Amino acid sequence: MSTLGCQSLGDSVAIRHDQDLLKAVAAAEKLGPVPREAAQGYWKESLDGFRRGAEECVAGALKGDEVQASRGIVVVQTEGLRKLVSAVSMIRAGLSQK
């Protein structure tokens, strides 16, 4: 499986990538609000999805639980990425109106 997140169980590189994702989420949460207030909810939801998915994937990989690791990948893709696309689209639309 080749996606964001854990790629194969016990793969230390994939686990490290998820740990890097967790660090990036923590850093992003410390930034100020996004430039468009309407996008703020999507931004927060995307960060929450990235965090939950990465945590789930790392936990599954460390236990050798492929189902749990796969659930984490799905959360990163469906909640993290999807909400991030929405937030960026709203920000882009707001900036192009200026």
Side-chain angles (χ1 to χ4, degrees):
M1 189 177 304
S2 180
T3 60
L4 286 177
C6 296
Q7 296 170 3
S8 64
L9 295 178
D11 182 350
S12 62
V13 173
I15 292 170
R16 204 167 336 131
H17 285 290
D18 279 316
Q19 291 169 335
D20 290 345
L21 178 57
L22 290 169
K23 289 176 189 174
V25 167
E29 289 173 329
K30 293 178 184 175
L31 299 173
V34 295
R36 179 132 183 190
E37 188 176 332
Q40 191 65 42
Y42 288 106
W43 174 251
K44 183 184 178 323
E45 290 174 18
S46 74
L47 296 179
D48 289 345
F50 286 135
R51 180 187 313 96
R52 282 193 323 277
E55 288 172 348
E56 183 90 5
C57 193
V58 168
L62 290 173
K63 293 188 304 188
D65 184 339
E66 188 171 338
V67 172
Q68 183 178 10
S70 294
R71 275 196 314 258
I73 293 168
V74 169
V75 171
V76 166
Q77 293 174 335
T78 61
E79 295 180 28
L81 289 175
R82 190 170 291 161
K83 297 295 183 173
L84 181 61
V85 168
S86 297
V88 170
S89 295
M90 292 180 86
I91 293 166
R92 182 178 293 143
L95 293 175
S96 68
Q97 293 175 357
K98 292 183 177 185

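Keep in mind the model is a prediction, meaning the values are calculated, not measured. Computed over heavy atoms, backbone and side chain alike; hydrogens, waters and symmetry mates excluded.
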Residues 81-94, side-chain donor-acceptor partners within the protein, below 3.5 Å, at least two apart:
{"from": "Lys83", "atom 1": "NZ", "to": "Glu45", "atom 2": "OE1", "distance (Å)": "3.0"}
{"from": "Ser86", "atom 1": "OG", "to": "Arg82", "atom 2": "O", "distance (Å)": "3.3"}
{"from": "Ser89", "atom 1": "OG", "to": "Val85", "atom 2": "O", "distance (Å)": "2.9"}

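- Contact between Ala61 and Ala69 at its shortest, heavy atoms only, is N-CB, 4.1 Å.
- Taking each heavy atom of Gly49 and Val75 in turn, the nearest pair found is O-CG1, 3.3 Å.
- Gln40 contributes a side-chain N or O that, together with a main-chain N or O of Val34, makes up a donor-acceptor pair within less than 3.5 Å.
- Note on Arg16 versus Asp20: no salt bridge recorded, every NZ/NE/NH1/NH2 to OD/OE distance being 4.0 Å or above.
- Gln68 CD to Leu62 CG: the interatomic distance, rounded to the nearest 0.5 Å, is 9.5 Å.
- In this structure Glu55 satisfies the side chain to side chain contact (heavy atoms under 4.5 Å, CB included) test together with Leu22, Arg51, sequence neighbours excluded.
- Val76 is connected to Trp43 through a chain of hydrophobic side-chain contacts under 4.5 Å among Ile, Leu, Val, Met, Phe, Trp and Tyr, so both are in one cluster.
- When all heavy atoms are compared, the tightest approach of Ile73 to Cys57 is CG1-SG, 4.0 Å.
- The salt bridge (charged side-chain N to carboxylate O under 4.0 Å, His left out) test applied to Lys23 returns no partner, not counting sequence neighbours.
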